[in-house]
Amino acid sequence: MEQTEQGDVRHRRRTGNEIKAALRDLRIQLALLNHQIGGKLALKDVDLDCLDVLARSGPLTPSALARQAGLHPATLTGILDRLERGGWIARDRARADRRSVTIRVLPDRSTEVFRLYQPMIGAMDDVLEDYSDAELTVIADFLRRSTEAGQQANGELGQE
């Protein structure tokens, strides 16, 4: 292999390692942010995760929410009880089958959460301003594919 090819391989490996380290750093910062916001709202991190899944996916059955949040259904019951007591969610029974329940976020509480995340949202808007449309497309694709890689790794670990 020529010296320039070896240099290219080393540069690519080093850059790949920098990206992975940056993702780990970002994960830590987001976890810290979620923990602080959860503390201000008297919610656990897992409560915020469930609220986020519900906010993004719309009303879900408890089993669908458990699947998307990666939680055991028995664990989810306690979370839902806590969120319902706090006025964050409602459990709606289906008219046709009273055993069937759908969970939805109560909209008036969402404003509270959004307000606390606003500094991060604004900071991210500022970061994104520095990139061209083509670069943003690449970044969005990278993050989408990274999420898929995480889902695959989670699935494989869950089968062990």
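Because only heavy atoms are used, hydrogens play no part in the values below, and waters and symmetry mates are left out as well, while side chains stay in. Quick caveat: nothing in here was measured; it's all calculated off a predicted structure.
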Next on the checklist: One pair to check against side-chain contact (heavy atoms from CB on, under 4.5 Å): R67 and L76. What are the steps and the verdict?
Outcome noted: CA-CA 10 Å; R67 249 189 330 278; L76 184 65; over 6 Å; no
Next on the checklist: Set out, in order, the CA-CA distance, both residues' side-chain angles and the distance that settles side-chain contact (heavy atoms from CB on, under 4.5 Å) for W88 and D47, then state yes or no.
Outcome noted: CA-CA 10 Å; W88 293 98; D47 299 345; over 6 Å; no
Next on the checklist: Between L83 and L43, is the side-chain contact (heavy atoms from CB on, under 4.5 Å) condition met? List the steps.
Outcome noted: CA-CA 8 Å; L83 290 174; L43 294 172; 3.8 Å; yes
Item to check | Residue pair E148, Q152: steps toward the side-chain hydrogen bond (donor to acceptor under 3.5 Å, both in side chains) verdict | outcome: CA-CA 6 Å; E148 290 167 4; Q152 180 180 347; over 6 Å; no
Next on the checklist: What verdict does the side-chain contact (heavy atoms from CB on, under 4.5 Å) test give for K40 and I37, after you've listed the backbone C-alpha separation in whole Å, the side-chain angles of each residue and the deciding distance to 0.1 Å?
Outcome noted: CA-CA 5 Å; K40 291 184 181 302; I37 288 173; 5.7 Å; no
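Clustering ILVMFWY residues whenever any of their side-chain heavy atoms sit less than 4.5 angstrom apart, transitively, puts F114 in the very cluster that holds M124. Linking Ile, Leu, Val, Met, Phe, Trp and Tyr whenever their side-chain heavy atoms come within less than 4.5 Å leaves M120 and L143 in two separate clusters. The cluster map of Ile, Leu, Val, Met, Phe, Trp and Tyr, joined by side-chain heavy atoms under 4.5 Å apart, puts L33 and L26 in the same cluster.
Panel note: side chain D52, backbone L48; no donor-acceptor pair is recorded below 3.5 Å.
Here CD of Q68 is found 10.5 Å from OG of S63. Values are rounded to the nearest 0.5 Å. Separating the CZ atom in R12 from the CZ atom in R10 is a distance of 15.0 Å, to the nearest 0.5 Å. Of the inter-residue distances, the one linking I103 atom CD1 with L54 atom CG reads 7.5 Å to the nearest 0.5 angstrom. Distance check, rounded to the nearest 0.5 Å: OG of S57 to CG of L65 gives 8.5 Å. How far CZ of R82 is from OG1 of T77: 11.0 Å, rounded to the nearest 0.5 Å. A distance of 11.0 Å separates OG1 in T111 from CG in L116, rounded to the nearest 0.5 Å.
Considering only heavy atoms from C-beta on, L30 stays 4.5 Å or farther from R27 through its side chain. Residues I79 and K44 form no side-chain contact, since every pair of their non-hydrogen atoms from C-beta on lies 4.5 Å or further apart. Using a 4.5 Å heavy-atom threshold, the side chains of V105 and S110 count as touching.
The two residues A69 and C50 have their closest heavy-atom pair at CB-SG, 4.2 Å.
Applying the 6.0 Å contact sphere to CZ of F142 captures more than 12 heavy atoms from other residues, nucleotides or ligands.
S132 meets the side-chain hydrogen bond (donor to acceptor under 3.5 Å, both in side chains) test with E135; sequence neighbours excluded.
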